[in-house]
Structures are given as structure tokens and as C-alpha cells.
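A short worksheet on the structure shown next.
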2 protein chains.
Amino acid sequence: MLRKSTDIRQEEIKKAVLDIIHREGLKNVSTKNLAKKVGISEGTIFRHFQSKNDIMMGIIDDVSTGFVEKLRKIAFSEKSPPERLFDLLCTTVTYLVENKGITILLFSEASYDNDKKMLEKLNYIFNSQKEFAAMIVSDGIASGVWDKSVSPDDVASLYMGIPITLNIEMILMGEKFRYRNFCNRMNDLLIKLLNEK
Amino acid sequence: MLRKSTDIRQEEIKKAVLDIIHREGLKNVSTKNLAKKVGISEGTIFRHFQSKNDIMMGIIDDVSTGFVEKLRKIAFSEKSPPERLFDLLCTTVTYLVENKGITILLFSEASYDNDKKMLEKLNYIFNSQKEFAAMIVSDGIASGVWDKSVSPDDVASLYMGIPITLNIEMILMGEKFRYRNFCNRMNDLLIKLLNEK
DNA sequence: AACATGTGTAAGTATTTACTTGCAAAGATA
DNA sequence: TATCTTTGCAAGTAAATACTTACACATGTT
């Protein structure tokens with residue numbers, strides 16, 4: 001009987017959730033399957049989490065504190081707007097590719113239930129990214145490097161499509177999807193769009 | 001005891017699925033809830049469909065034969081590439097706004113289960129749109145109206161982000177999302193990107 | 001009228017789900 | 001050593017799920 005602290009078990013359980021989502025689909029994230037993957041009994045899960053929903057919330061909170069804060073630092077860094085936009089995009093793409101389960105979770109959880117708390121958290125994650133992009137574009141226009149006739153909000157909408165499309169392609173195509181230079185290629189398009197004619 | 005033909009009941013049931021998804025979330029699409037919404041008994045559902053999965057498949061097939069074929073006509077029409085691109089985008093946006101349940105279904109179903117048949121159908125719907133966009137861009141470049149230095153495939157990837165972002169925003173923001181001129185604004189960005197410097 | 005067929009329901013089924021309970025024992029603290 | 005807290009498990013629970021069965025009756029055809 002191997003005993004581990006709640007902190008460690010919580011991490012193991014959250015990791016198992018993402019693993020199951022990525023390999024077997026969200027449908028198979030049951031407490032029974034989860035326990036099997038971690039190598040503990042089903043009851044033990046409820047020793048470390050109050051409910052299954054709490055596990056999901058925990059994962060989403062991890063995204064907020066980890067991923068979103070990382071992007072925030074990039075958005076507010078001292079680099080030039082083009083550099084910041086590139087960093088923002090590539091960091092996002094890398095994160096999504098390396099955390100495939102999370103992307104599906106964020107996606108589906110929003111539409112699976114109509115849970116208000118969950119939607120708020122997801123909204124925060126989504127809108128933070130969008131605001132970061134809009135801010136960088138605004139800065140670029142203000143500093144004179146980019147065309148002032150484009151709307152930062154519209155570009156931010158278009159920008160958000162990039163990571164989301166990546167998500168969908170990863171879900172649909174699985175391993176076949178080619179990530180190589182994906183962020184570079186998309187960044188080139190954005191830059192062309194932002195430059196003056 | 002009101003009796004209706006299988007054809008009609010199937011439509012009613014499929015419509016109820018989308019309605020439930022939009023209002024209560026995918027989680028609440030149970031055969032029990034479905035029967036209640038349609039106003040029939042649970043058993044009657046299985047008189048008209050072999051399984052719940054068949055209902056979902058039916059809806060997705062409807063999207064393929066209806067929506068995708070409509071887009072195909074636009075993509076292969078005699079209009080100019082800029083007109084075709086605009087039509088493609090706006091038709092898609094309109095469809096998504098008017099069929100909110102479908103967008104969530106397409107999204108989540110892909111990640112909910114790992115059903116191969118389902119993934120193939122979703123892949124078809126996704127890739128058709130992407131190919132239509134890539135083709136129109138190619139035509140535009142070939143005919144000299146657009147910059148030949150951009151990659152049609154990359155633009156198609158970026159293009160696909162537009163309807164998908166719209167999806168997400170509709171899920172997250174609900175009624176608050178402003179669709180007004182959304183396709184025009186996005187189209188303007190694409191055109192700016194495609195024009196020569 | 002007789003019959004076949006199509007549409008309906010009520011009341012089941014087995015299975016799965018998230019979660020609980022009672023108790024054992026490991027590890028820390030005294 | 002004795003005690004307390006934490007972590008574990010086996011065996012439950014009630015509720016929900018997709019789906020079935022047996023039978024009723026409406027409708028169209030002969």
C-alpha cells in the first residue's frame with residue numbers, strides 16, 4: 001500500500017485526466033477509469049478531491065495561473081510589438097501542442113455543461129489572450145510600425161482563430177497534423193496584414 | 001395519441017437535440033430529456049432511430065449535405081475570387097449564427113468520444129471548407145488580383161479560424177456576442193492580407 | 001370487414017455514473 | 001510506546017443512462 005500526500009495525488013489525478021482526454025476522449029474520463037490510470041481505488045480520488053467537477057476546475061485554474069500569466073508577461077514585456085506578437089503566438093502554439101488534453105478540455109467543457117463558474121473561468125482564459133493581442137496591436141499602431149487603419153479588436157479576433165484552429169486540427173487529425181513552422185507561417189500573415197501598404 | 005410519420009419525427013427529434021445543446025448544454029441531451037422536449041415517450045425515439053448515436057450522425061449528415069454543398073456551389077461559382085471568398089465567409093457565419101446547436105455539436109462530439117466514423121464526418125466538414133477557401137485564394141492569385149507571395153494553404157488555415165472563433169465566442173458569450181458586420185470586418189482583413197503591397 | 005403495417009406507450013432491463021461508508025493501517029508526533 | 005492524523009481500500013449507494021419488451025391502437029389496403 002503506497003501512500004502519497006494529497007498534493008502529489010492531486011497532480012497525478014489531474015495529469016491522468018488530461019491523458020485520458022487526449023487518448024480516449026472526454027467521455028472516458030470517469031472516476032473509475034481515472035482511478036485505474038493513477039493506480040489507486042476510486043474512493044481514494046474522493047479523499048483528495050471533493051468532486052469530479054473540482055478536478056476539472058483545478059485543471060482550468062492551473063491554466064489560468066500558469067499559461068495565462070506566462071502570456072501576460074510576454075504581452076507586457078519591453079520588447080517591440082512585432083516581437084511580442086510573435087512570442088505570444090508561438091508560446092501559445094507550443095503550449096497547445098504540449099498540452100493536448102487541456103485544449104480539448106477547455107473546448108468541450110464550455111459546451112458540455114452550462115456551468116456558470118466554468119464558463120467564467122473559460123471566458124477569462126479566452127478573453128485574456130484576446131486582450132493581450134489587441135493591446136500589442138494597439139501599441140504597434142501607436143508606435144508607428146503598423147497600419148493605423150486596421151482595428152486592433154478585429155485583428156485580435158482573427159488572431160484568436162489561430163490557436164483555436166490549431167486545436168481543432170489536433171483533435172481531428174491527431175498525430176498527422178504538422179506543427180512545423182505553424183506559428184511562423186501564421187505570424188508572417190499577421191505581419192503582412194498589419195504593415196502599411 | 002398524436003401519430004406522425006417517421007420522417008417528421010426524425011426531424012423533430014434532431015431539432016430537439018440542437019435546441020437542448022444550445023440551451024442546456026450537450027450533457028443534457030439524454031433520451032429522456034429528448035422525449036420530453038418532443039412530447040413523445042422515450043420508447044418512441046427508438047422507434048424512429050436505432051440509437052442515440054444515429055441521431056447525432058443524422059444531424060452531422062444533414063450538415064454535410066446541406067451546408068457543405070451550399071458552400072461548394074459558392075466556391076465553384078462563376079463569380080470573381082473576392083466575391084466568392086466574401087460569399088463563402090458570410091454564408092458560413094450566417095449558418096453558424098442561425099444553427100447554434102450544430103456548432104457546439106460538431107465541436108464537442110469530435111473530442112467527446114473517439115469514434116472513428118464521427119471523426120471522419122467531422123474531418124470532411126472541416127476540410128471541405130478549408131479546401132474551398134484555399135481554392136478561391138489560388139484562383140485569385142492565378143488571375144492576378146492577389147499577391148502571389150502568400151500561401152493559399154496558410155490563408156486557408158487563417159480563414160478557418162474565423163468561423164471557429166465565432167463558435168467559441170458564441171459558446172462563451174452567449175447572446176452578448178455581436179455578430180453585426182462580423183463577416184465584413186473579417187473579410188476586410190483577409191482582403192488586405194491578400195492584396196499586393 | 002379483415003388484415004397488415006406503422007406509430008405509440010408504460011414499465012421494464014442491465015450498466016454505468018459520481019460519490020459514501022466503515023474500517024485498516026501507515027507515518028508523524030508526543 | 002501510545003496516540004493522532006492522513007491515506008488507503010472494498011463494498012457499498014442512489015440516480016441516471018441507453019435501450020428493450022409487450023402490448024395498444026390508428027391508419028391504409030385489400
Side-chain angles (χ1 to χ4, degrees), chain A residues 1-21 23-60 105 108-109 111-118, chain B residues 1-21 23-60 105 108-109 111-118:
Chain A
M1 204 155 86
L2 188 62
R3 289 163 57 95
K4 295 185 185 175
S5 71
T6 289
D7 283 352
I8 292 173
R9 285 296 191 208
Q10 283 184 339
E11 290 309 311
E12 289 180 351
I13 292 165
K14 286 190 286 189
K15 202 175 170 187
V17 169
L18 299 178
D19 197 60
I20 293 169
I21 290 177
R23 301 164 105 103
E24 304 168 41
L26 197 65
K27 198 180 88 176
N28 294 297
V29 181
S30 64
T31 48
K32 189 182 175 181
N33 194 13
L34 215 39
K36 199 180 108 192
K37 278 280 187 304
V38 178
I40 55 179
S41 74
E42 213 178 332
T44 303
I45 288 178
F46 292 91
R47 177 74 68 195
H48 301 299
F49 283 102
Q50 284 207 24
S51 68
K52 187 186 161 186
N53 197 49
D54 269 21
I55 305 176
M56 302 307 197
M57 291 289 198
I59 294 172
I60 290 174
L105 176 70
S108 309
E109 208 64 24
S111 50
Y112 184 59
D113 207 337
N114 258 6
D115 187 71
K116 227 184 150 190
K117 253 190 180 171
M118 184 73 81
Chain B
M1 205 156 87
L2 189 62
R3 290 162 57 94
K4 295 184 185 176
S5 72
T6 289
D7 283 353
I8 291 173
R9 285 295 191 209
Q10 283 184 340
E11 290 309 311
E12 288 181 351
I13 292 165
K14 287 190 285 189
K15 202 176 169 187
V17 169
L18 299 177
D19 197 61
I20 293 169
I21 290 177
R23 300 164 105 104
E24 305 167 40
L26 198 66
K27 196 179 88 178
N28 294 296
V29 181
S30 64
T31 48
K32 189 181 175 181
N33 195 13
L34 213 40
K36 198 179 108 193
K37 278 279 187 306
V38 178
I40 54 179
S41 75
E42 215 177 331
T44 304
I45 288 177
F46 293 93
R47 178 74 68 194
H48 302 298
F49 283 102
Q50 285 206 23
S51 67
K52 187 186 161 185
N53 197 49
D54 269 20
I55 304 176
M56 302 306 197
M57 292 288 198
I59 294 172
I60 290 174
L105 175 70
S108 310
E109 207 65 22
S111 49
Y112 185 59
D113 206 338
N114 258 7
D115 186 71
K116 229 185 150 189
K117 255 188 179 173
M118 184 72 81

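In what follows, chains carry the letters A, B, and so on, assigned in the order in which the sequence lines appear, proteins first and then strands, with residues in each chain numbered from 1.
In summary, contact between chain B and DNA chain D, defined as any nucleotide atom under 4.0 Å from a heavy atom of the protein, begins and ends at D/dT17 to D/dA26 in the 5' to 3' direction. Of all nucleotides in DNA chain C, those with any atom nearer than 4.0 Å to a heavy atom of chain B start and finish, going 5' to 3', at C/dG6 to C/dT9.
Taking the side-chain hydrogen bond (donor to acceptor under 3.5 Å, both in side chains) definition, one finds that A/S30 meets it with nothing, sequence neighbours left out. Residues satisfying the ring pair (Phe, Tyr, Trp, His ring centres under 6.0 Å) criterion with A/Y112, sequence neighbours excluded, are B/Y112. Partners of B/R23 by side-chain hydrogen bond (donor to acceptor under 3.5 Å, both in side chains), not counting sequence neighbours, listed by chain and number: B/D19. Taking A/K15 as the reference, nothing meets the side-chain hydrogen bond (donor to acceptor under 3.5 Å, both in side chains) condition, with sequence neighbours excluded. In this structure, B/Q10 has no side-chain hydrogen bond (donor to acceptor under 3.5 Å, both in side chains) partners at least two apart in sequence or on a different chain.
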- request: Evaluate the side chain to side chain contact (heavy atoms under 4.5 Å, CB included) criterion for residues B/F49 and B/M56: first the C-alpha distance (whole Å), next the side-chain angles of each, then the deciding distance (0.1 Å), finally the verdict.
  value: CA-CA 10 Å; B/F49 283 102; B/M56 302 306 197; over 6 Å; no

- request: Carefully, step by step, assess B/E12 and B/K4 under the rule side chain to side chain contact (heavy atoms under 4.5 Å, CB included).
  value: CA-CA 10 Å; B/E12 288 181 351; B/K4 295 184 185 176; 2.6 Å; yes

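With rounding to the nearest 0.5 angstrom, the CD1 atom of A/I40 is 7.5 Å from the CG atom of A/L34. Taking CD1 of A/I13 as the start and CG of A/L18 as the end, the distance is 12.5 Å to the nearest 0.5 Å. Between A/N33 atom CG and A/N28 atom CG the span is 6.0 Å, to the nearest 0.5 Å.
Identified under the salt bridge (charged side-chain N to carboxylate O under 4.0 Å, His left out) test for residues 26-52 of chain B, with sequence neighbours left out: A/D113-B/K27, B/E24-B/K37.
Within residues 51-59 of chain A, the residues approached by DNA chain C to less than 4.0 Å at the level of any non-hydrogen atom are A/S51, A/K52, in residue-number order. Using a 4.0 Å cut-off on heavy atoms, the residues of residues 26-45 of chain A that approach DNA chain D are A/I40, A/S41, A/T44, listed by number. Within residues 3-18 of chain A, the residues having any heavy atom closer than 4.0 Å to DNA chain C are, in order of number, A/R3.
Of all heavy-atom pairs between A/A16 and A/V38, the closest is CB-CG2, 3.7 Å. A pairwise comparison of heavy atoms in A/L2 and A/R9 identifies O-NH2, 3.3 Å as the closest pair.
For the side chain to side chain contact (heavy atoms under 4.5 Å, CB included) criterion with B/M57, the lone passing option out of B/N53, B/I55, B/I60, B/I59 is B/N53.
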